[in-house]
**Q** 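I am attaching a structure below and will ask some questions about it afterwards.
By convention here, the first residue in the shown sequence is residue 1. Order of listing sets the numbers, starting from 1, for every ligand and every atom in it.
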Amino acid sequence: MALLQISEPGQSPDPHQRRIAVGIDLGTTHSLVAAVRHGSAECLPDEQGRVILPSAVRYMVDERGQTRRHIGFEALAAQAEDSQNTIVSVKRFMGRRLADLPDAGRLPYQFEDQPGMVAVKTVAGVKSPVEVSAEILASLRQRAEDTFNDDLFGAVITVPAYFDDAQRQATKDAAQMAGLNVLRLLNEPTAAAIAYGLDNGAEGLYAIYDLGGGTFDISLLQLSRGVFEVVATGGDSALGGDDFDHLLADAALADAKMEAVTPQDKRTVLVAARRTKEKLSTDGSAHLSCMLSGGMLSASITRERLAELAKPLIDKSLASVKRVLRDAKIKPDEVKGVVMVGGSTRMPAVRDAVGAFFGQAPLTDLNPDEVVALGAAIQANQLAGNNAQGELLLLDVLPLSLGLETMGGLVERIIPRNTPIPCALAQDFTTFKDGQTALAVHVVQGEREQVEFCRSLARFELRGIPPMAAGAARIRVSFQVDADGLLSVSAKEQLSGVEASVVIKPSYGLTDDQVAHMLREGFTTAAADMKDRALREARVEAERMLEATRTALAADGDLLSTEDRARIDGLMTQIGQRCDRGDIVALEAAIKALADGTEAFAAERMNRSIRQALAGRKLDQV
Ligand code: ADP
Ligand code: MG
């Protein structure tokens with residue numbers, strides 16, 4: 001979904017009324033919480049001064065049978081000895097079924113497929129990924145509340161741009177479980193771009209290169225008129241810093257002609273390799289040493305050696321970048337700026353390769369571990385209304401119009417695209433037939449005039465409308481889109497108060513390509529659509545006229561002479577025939593002919609009903 005800036009007219013709030021809002025990067029390996037303090041965003045440290053919280057939760061049962069859990073570093077430390085009950089990388093399970101996890105068999109967990117989402121069996125019971133994520137979020141919330149010694153107003157939580165509806169909803173559920181008020185979910189690449197202030201800079205295309213511990217993501221963002229739009233995303237869900245660790249560990253073992261025999265050996269050498277790798281981001285050479293069951297492993301590694309080892313993997317990431325650019329029909333030199341995200345982009349070899357690819361130095365001023373959380377904090381601060389006068393408030397906009405199907409398969413647009421969200425709009429509708437007691441509501445998304453070319457989002461029925469003449473019922477249909485693009489539609493008959501509603505998430509099911517396609521199609525076919533719409537509208541009008549005439553004939557047909565009746569029947573047949581053809585002028589003429597041809601009959605009916613109403617009553621009773 002795109003972002004739109006609107007200026008905030010309100011003044012800067014009183015410092016005592018400042019609302020505390022944080023940004024949370026709920027990461028696969030690490031999570032962070034940040035907030036705007038003293039005018040700039042910063043990550044909040046724990047009591048030991050560490051800003052990073054490992055995304056790990058260990059479940060335990062103590063001697064008295066009480067369930068306990070460790071979160072973060074403490075949990076991670078026990079990962080090797082209690083891997084079954086120590087859940088790491090839970091982000092990969094969010095909103096996923098067991099069938100969605102191709103590597104589930106290689107993980108140390110006992111999975112249980114539950115409706116909607118996989119869960120993990122632990123000593124403390126079956127834990128859903130939502131619960132595990134909620135533990136991490138609650139820990140960060142506690143950290144923030146301790147830091148400010150105050151309650152939190154709300155949080156912006158980041159999610160990968162490719163997260164689907166179920167994964168986003170699972171993230172929101174986790175936040176709610178952790179007692180957080182979610183101001184909004186924000187795409188990670190967009191958060192990184194905001195952290196660098198790109199939303200206040202030059203319009204154009206930006207690439208966000210995110211190489212973390214286990215995943216690589218590339219996103220292209222388009223900034224225009226203050227609106228960030230995700231143009232394309234790609235990457236590799238099995239490429240990250242962990243792979244460099246493996247290569248380095250294997251190289252060190254091969255140099256020393258040693259082997260990591262036990263699982264403990266393997267873990268030990270990987271930990272050492274990771275430490276060495278990270279050291280090589282600042283030093284020209286480093287030592288890898290650790291104690292294995294077969295003896296002491298000791299190797300000296302240079303930065304060049306690591307770069308050589310890493311090259312095939314870095315090239316693999318650039319192949320993903322190329323693919324995304326090609327699909328989006330963008331050349332590398334069209335990209336205005338490149339933002340580096342993720343701990344692995346600290347590696348000079350990665351920076352050099354990315355810089356060479358795009359022909360420009362990537363943005364690396366901000367800490368690549370923190371940049372997503374910092375961007376989320378900036379937006380949280382704005383959403384909480386803490387921005388100073390003249391600052392801009394970032395809002396999402398609806399990527400596609402939302403509307404309803406009306407008679408004739410036409411779309412009545414209720415909320416036009418590019419409307420900033422949250423938003424709410426309502427429109428009144430009425431019944432088409434006499435005595436109609438139910439109304440089918442069909443919610444659609446798209447730019448076309450005809451229902452069949454839009455995307456169907458939901459259908460529901462409003463039942464129990466009291467029988468009334470066609471057009472007498474007043475049905476108010478309200479559309480409401482919250483800050484996360486969650487749409488609720490309700491229909492209420494105003495006289496009787498009967499009501500029905502549905503909640504839908506309109507945009508998440510669509511890829512950006514699909515959105516772009518629907519927009520393009522809407523623009524190119526607009527003229528043809530207008531003609532088609534006019535024809536359909538005429539058909540609806542014809543249908544309505546025929547229905548009204550039939551009702552009138554059934555009730556008061558005896559008022560007509562045989563010839564008049566035949567004439568009216570003829571006019572009705574003519575409409576029926578012209579409805580089937582596509583000639584709108586002829587159809588409109590036939591409608592007018594029927595209207596004119598039944599005028600006298602309508603007047604007669606009116607007289608009769610007045611006579612009936614007055615019959616048997618004295619003048620003073622009227
Ligand atoms: P994620 O987004 O997957 O949670 P991060 O962005 O925190 O992950 O990145 C973690 C990865 O970054 C790890 O593989 C870690 O070894 C690597 N990393 C962290 N610091 C450095 C460094 N100084 N040099 C090289 N790699 C680093
Ligand atoms: Mg990350």
Side-chain angles (χ1 to χ4, degrees), residues 23-34 43 50-57 72-73 76 87-94 133 136-137 140 157-163 171 186-193 195 208-219 233 235-249 267 269-286 288 301-303 305-307 309-310 313-314 317 339-354 364 366-376:
I24 294 180
D25 173 5
L26 184 61
T28 310
T29 41
H30 299 134
S31 296
L32 298 98
V33 58
C43 287
R50 302 170 297 201
V51 295
I52 275 174
L53 178 75
S55 304
V57 180
F73 288 100
L76 204 59
I87 304 175
V88 296
S89 300
V90 72
K91 190 171 178 176
R92 295 187 175 202
F93 312 151
M94 290 288 270
S133 300
I136 298 163
L137 289 171
L140 293 173
I157 300 176
T158 58
V159 289
Y162 57 77
F163 251 28
T171 306
L186 180 65
N187 287 332
E188 287 163 12
T190 307
I208 318 296
Y209 180 103
D210 179 350
L211 190 60
T215 55
F216 169 62
D217 297 313
I218 174 75
S219 313
T233 62
D236 191 333
S237 59
L239 175 63
D242 300 348
D243 299 303
F244 300 140
D245 302 348
H246 276 105
L247 289 175
L248 196 55
R267 278 189 296 272
V269 67
L270 279 177
V271 169
R274 177 171 172 166
R275 211 180 304 123
T276 308
K277 173 193 75 176
E278 294 179 0
K279 203 151 184 286
L280 286 172
S281 290
T282 44
D283 301 355
S285 71
L288 190 161
I301 314 272
T302 62
R303 181 185 283 176
R305 177 84 189 281
L306 175 62
L309 290 168
L313 294 180
I314 298 172
S317 78
V339 176
M340 295 296 244
V341 183
S344 300
T345 62
R346 281 220 183 78
M347 284 171 66
V350 172
R351 293 182 175 186
D352 292 348
V354 172
T364 54
L366 296 175
N367 184 331
D369 303 326
E370 298 184 355
V371 58
V372 167
L374 295 175

**Q** Run V354 and V350 through side-chain contact (heavy atoms from CB on, under 4.5 Å) and show every step you take.
**A** CA-CA 6 Å; V354 172; V350 172; 4.3 Å; yes

**Q** Answer yes or no: is there an ion pair linking K277 with D245, defined by an N-O contact shorter than 4.0 Å?
**A** yes

**Q** For ligand 1, what is the set of protein residues having any non-hydrogen atom at a distance below 4.0 Å?
**A** T28, T29, H30, G212, G213, G241, D242, R274, K277, E278, S281, G342, G343, S344, R346, M347

**Q** So that I can tick it off, tell me whether E188 and K91 are bridged by a salt bridge, with the cut-off set at under 4.0 angstrom between side-chain N and carboxylate O.
**A** yes

**Q** Step by step, work out the side chain to side chain donor-acceptor pair (under 3.5 Å) result for S317 and Y209.
**A** CA-CA 9 Å; S317 78; Y209 180 103; 2.6 Å; yes

**Q** A side-chain contact here means heavy atoms from C-beta on lying under 4.5 Å apart; do F216 and I314 qualify?
**A**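 Of all side-chain heavy-atom pairs linking I314 with F216, none is under 4.5 Å.
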
**Q** Could you tell me whether the side chain of D352 and the main chain of A349 form a donor-acceptor pair under 3.5 Å?
**A** no

